[in-house]
Structure formats: C-alpha cells, structure tokens
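Okay, structure first, notes after.
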Number of protein chains: 2
Amino acid sequence: MPKSPANTARSKRAGSQLTPDAIIDASLRIAARGSEDAFTVRRLGEELGADPTAIYRHFRDKDELLLSVADRTLGEVLDSIPEGLDWKGRIRALADGSLAVALKYPVVGSAMASRTTRRPNEFRVVELILGAVMEAGLEGAEAALHYRMVADSLLAYVGQQAAYFLFDAEVRAADESAWTREYRLVDPQALPNITRLSAELAEVTDEQIFEATVGALISAIEKRAETLRGA
Amino acid sequence: MPKSPANTARSKRAGSQLTPDAIIDASLRIAARGSEDAFTVRRLGEELGADPTAIYRHFRDKDELLLSVADRTLGEVLDSIPEGLDWKGRIRALADGSLAVALKYPVVGSAMASRTTRRPNEFRVVELILGAVMEAGLEGAEAALHYRMVADSLLAYVGQQAAYFLFDAEVRAADESAWTREYRLVDPQALPNITRLSAELAEVTDEQIFEATVGALISAIEKRAETLRGA
DNA sequence: ACGCTGTTGTCAACGGTATTGCGCTGATCG
DNA sequence: CGATCAGCGCAATACCGTTGACAACAGCGT
C-alpha cells in the first residue's frame, strides 16, 4: 500500500495547476486522435496527469467542457478567414474551415452538431453569415431565414461527416466497400438506376459532394436576392 | 448446428416468444416516447416483458438492432410516397416523410444520421433519388454526384433535427429563449447585424428553414441540368 | 505569526450503460 | 420416449459520468 496520503501529493502544488485553458488544450489533443482514443473523463485526467475528477472543479459537467472546447475551435475557424473576401468567399471559407476543424477534432464536431453553444465565437459566426446574406441583397426576415438555412445545413453536414470519421477504420471500410461491392450486385430488375450507375456512385468524392452542397446554398441566396430585386 | 428443416416455419416457439419483429415493434414504441423514455436495453426488456439480455439472441448488438429499426421506418417513409409525382414532388415527399418519421422516433433518426444501413429499404431510397435526378435531366457522374448531395444533406439535416428533439424540454427551452433574449442583449458595436435582425431571427420557423433547404437542393439540380442541356 | 476560509486536487463509491458466460427449461425431433 | 438444443433468465464484467468526503495549500484579516 503506497498510501501515505499526507506527503505524496505535495510535489506539484504551485498555484492553480489546472486551468480551464489547459483542460481545453488536453481535450483537443485527445480529440485530435480521433477514433483511436476515446474522449472520456478518465482519459482526460490521464492526459493532464491529474485525477480525472479534478476537471469538475473547472467545468460543471462534461457537456459544459465540450461547449467550451467547441467555442475554442470555432474561434480558430473564424481567425483563419482572410479579410476582404466577398460574401460568397466568406461563406465558402467558413464552410471549408468548419469542415476541416470538424474532421480534425471529430468528437467535438459530432457532439456539437445539434447544439447551441451561446458562447462568444458563436455570435461571431452568426454575425458573419448575416453580413454575407445581407451583402448578397437580402433583408429582414429573408436575411434571417437564409442565415438559418446556411447555418443549420452547414452544421448538420459537417457534424455528420465528423460522426462518420469517428467510427474506427474497420467500420468505415465496410461502409465504403458497400458502394463498390454491394451496389454492383443488386437486382437489376427492381433497381435499374443503381445498376446503371454503380460505377459512377463509387467514384463520387466527399470533396465534390461538399462543394456541390455549399454551392447549392449560395445559389439559393443569390437567386432569392435576384427575385426580390426584380419584384 | 445443421439448421435442418426449412419447412417448419410456423412452429418456432409457441409461448412468450421473442421475434425480431416484436423487438423492433417494442423499440419503436420506446423511440416514439422521445426524450421522456431513454432507449436502453434494460428499458427494452421491460417493454417486452422479458429479460433485457434476451435481445442478444436475435440481434448481435444494439447497433444491429438500431439498423433494423431504421430500415423499418425507412420503409414506412417510402410506402407513404404516392405514385405519379414528378421528380420534384418525389424528392419533396421523401424529404417531408423522412423529417416526419425522424421526429416521431428521434433516437432512431439521430443515431442513423451518419450510418449506412445497407438494408433493403435503403436501396429503394437510393433508387428513388437517382430516378428523380435522372428525370431532371442529369446523367452518369452528374447524377451520382447530385444523388449524394441530396441524400447526404437530407440525412444530415433530418438527423440533426431529431437529435435536437431528443433533448429534454428544459434544455430545448433554454436554446430557444437564446434567440429571443440573449441575441437582443448583444453588443451593438461589435455585432450590428445581429442587433438589427434579432426580432426577425426569433421568428423564423423550422418549417420555413426546411422548405428553404429542400428548395435549394432542388434548384441546384434544376440549374445544373439546364446548364448541361445548354452546353 | 496566527488561524480562518475558500479553492483545488485526490480518493472511493454510486448508479448508469452495453455486453457476455453459464445454467436451466421445455418444445421438437429421431 | 428420451435426447437435443435454441431461447431465456441470472449474475457478473467493464466501462461511463458524476458526487461527496477529505486533505493540502493560498491568501486573507487580525
């Protein structure tokens, strides 16, 4: 029993050892390891070299920690957007940055896809998108609606991609081989379109899909602005 | 081991038998109760009047059960789509039906948003969307790409909505009041667009957003088909 | 320099989750 | 009629997030 509790733990006790920022940093290190290392409270304690439950001195629960981590990553995305872009460029930059950071920290991206952090950087994102749709020519309720369309669609798509990356490689491989194997072996009578396009279906890349999706959102804003301007 | 007679289909077990279908039914009953009743193995056993672990005699694990449940609900959506609709109508019907069923069984909708079931009804959905985009005028790789755009975007959006419905009412109320309260109290200097549109932001409805999103996807297909036809 | 007080880390424990191994039972079949 | 064996219950396992009691320290007023 190495239990002399009085003097063992005194080695490191210089002020506040564990700060919220240090905990967020450690969380991001674990999150960056993706599916190879589960993001658990116990694992986080290990990463910090501290007792797992120590984090509860700085965050009410794991959810609040996750919201803070998400806000940090959102800030990274926002800071990576260059100045001087037009509205389409800003939306594209936000989309690309969000996807990149969600794939870098999949557990964060997937957990936050249906949440509202109500933290500073989230407001900056709202402001950015609203500014873009207004620059495109929308106002009032139309601007609000199209902001929500962009924000919700983007968040959902990016979160889904992150969740997919969170599966271990084994499961992902099974999913992807489905396109190249099972879709070729389908009943040609009942499913003629799949049969005809099985080769093309296997060759579509995630980048193409994302580009098409973002493009669809931008076109919708543009088209709506034109319609309103004409009327 | 030799699974001998195929003909004795009727006489499996007479008494309180647990069949895969009965388990799926019970799962849907629990899932329909949304956030008021967690979808756990123990709760499922209770619903079935059986030991919780009995489920593992019919499904390898909870994930496989969930995939089967999801396929069942997908079938319901597909069967609800009327015949004789044009391609836009079919996509809209699929979108509306998917959202409805995902909100009816939120735990299923949210868990399956980033999965591929590779079960019969999923193939039917693929066939349906592919048929729609081809009727719109797309072919080959373009049809495949736009199928993926519609499928992925729809699945992600619907899954996100389902996950949001899965929070208990308390958390949801806090999220919604953020739009009407916190967004009004924001710094007008740093966030002028939010300040100006806070009232309109609070009034956007989920139905409007979904309609706008689906409309954007349909327009993108239409526009692409026009461009290719012109060229 | 003292003791009080509040903060922060440690430890053990609790209730929750999915899942597995073992043993019984009873319907079915040779 | 007796043997077989799938289906089910039970107990146990390995995690998970979280809490409460306690110990050690920092900073404070006196």
Side-chain angles (χ1 to χ4, degrees), chain A residues 1-24 26-27 30-31 35-69 107-108 110-111 166-168 171, chain B residues 1-23 26-27 30-31 35-69 107 110-111 166-168 171:
Chain A
M1 287 246 304
K3 285 299 177 330
S4 41
N7 40 13
T8 48
R10 85 169 65 237
S11 59
K12 37 162 60 179
R13 208 78 217 304
S16 196
Q17 213 66 356
L18 240 42
T19 69
D21 269 337
I23 296 174
I24 293 176
S27 300
I30 297 175
S35 64
E36 288 156 30
D37 202 349
F39 180 41
T40 72
V41 174
R42 285 172 168 82
R43 187 68 194 79
L44 181 54
E46 211 176 301
E47 181 76 26
L48 287 162
D51 189 274
T53 65
I55 66 165
Y56 289 93
R57 301 292 167 193
H58 303 273
F59 296 94
R60 187 164 5 91
D61 52 26
K62 197 188 172 185
D63 190 68
E64 199 204 327
L65 167 60
L66 220 43
L67 289 172
S68 300
V69 172
V107 67
V108 180
S110 79
L166 214 47
F167 295 130
D168 46 38
V171 178
Chain B
M1 301 24 182
K3 182 73 188 260
S4 47
N7 53 0
T8 63
R10 57 165 196 178
S11 54
K12 276 257 179 187
R13 196 115 158 77
S16 63
Q17 70 277 59
L18 233 46
T19 70
D21 270 337
I23 295 174
S27 300
I30 297 175
S35 64
E36 288 156 29
D37 202 349
F39 180 42
T40 71
V41 176
R42 287 166 169 41
R43 187 69 193 78
L44 182 53
E46 210 175 302
E47 182 76 27
L48 287 162
D51 188 273
T53 65
I55 293 144
Y56 291 91
R57 303 290 154 185
H58 299 91
F59 295 94
R60 190 171 350 134
D61 52 26
K62 197 186 173 186
D63 190 67
E64 199 204 325
L65 166 60
L66 221 40
L67 289 172
S68 299
V69 172
V107 67
S110 79
L166 215 47
F167 296 131
D168 47 38
V171 177

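A, B, ... follow the sequence lines: proteins, then strands. Residue 1 opens every chain.
Of the candidate nucleotides C:dA18, D:dC8, D:dT18, C:dA18 has the atom nearest to the side chain of B:Thr40. Of the candidates C:dT10, D:dG7, C:dT20, C:dT20 carries the atom nearest the B:Thr53 side chain, counting heavy atoms from C-beta on. When distances are taken from the side chain of B:Arg57 to each of C:dT19, C:dG9, D:dG7, the shortest belongs to D:dG7.
The CZ atom of B:Phe39 sits 11.5 Å away from the CG atom of B:Leu166 when rounded to the nearest 0.5 Å. Here CG of B:Asp51 is found 10.0 Å from CZ of B:Arg42. Values are rounded to the nearest 0.5 Å. Atom CD in B:Glu47 sits 7.5 Å away from atom CG in B:Asp37 (nearest 0.5 Å).
Following rounding to the nearest Å, A:Phe39 (CZ) and D:dC15 (C1') show an atom-to-atom distance of 16 Å. Here the C1' atom of nucleotide D:dG7 and the CD1 atom of B:Ile23 are 11 Å apart, to the nearest Å. To the nearest angstrom, P of D:dT18 lies 12 Å from CG of A:Leu44. If you measure from atom CD of B:Glu46 to atom C1' of D:dG9, you get 16 Å, rounded to the nearest angstrom. Between the NZ atom of B:Lys62 and the P atom of D:dC15 there is a distance of 19 Å, rounded to whole Å. Going from atom CZ of A:Arg60 over to atom C1' of D:dT19 covers 15 Å, rounded to whole Å. Between the C1' atom of D:dG9 and the OH atom of B:Tyr56 lies a distance of 15 Å, rounded to the nearest Å. The CD1-C1' distance, from B:Ile55 to C:dT20, rounds to 14 Å in whole Å.
Residue A:Phe59 is classed as having no contact, given no heavy-atom separation below 4.0 Å to the nucleic acid. B:Ala50 comes within 4.0 angstrom of the backbone, heavy atoms only, and of no base.
Residue B:His58 places at least one side-chain N or O under 4.0 Å from the OP1 or OP2 atom of D:dC8.
Side-chain contact between A:Leu48 and A:Leu44: present, with at least one pair of heavy atoms (C-beta onward) separated by less than 4.5 Å.
A cation-pi arrangement, defined by a distance under 6.0 Å to the six-membered ring centre and an angle within 45 degrees of its axis, is absent between B:Lys62 and B:Tyr56.
Between B:Val41 and A:Ala54, the residue whose closest nucleotide on DNA chain C is further toward the 5' end is A:Ala54. Toward the 5' end of DNA chain C, the nearer of the two residues B:Pro52 and A:Arg42, judged by each one's closest nucleotide, is A:Arg42.
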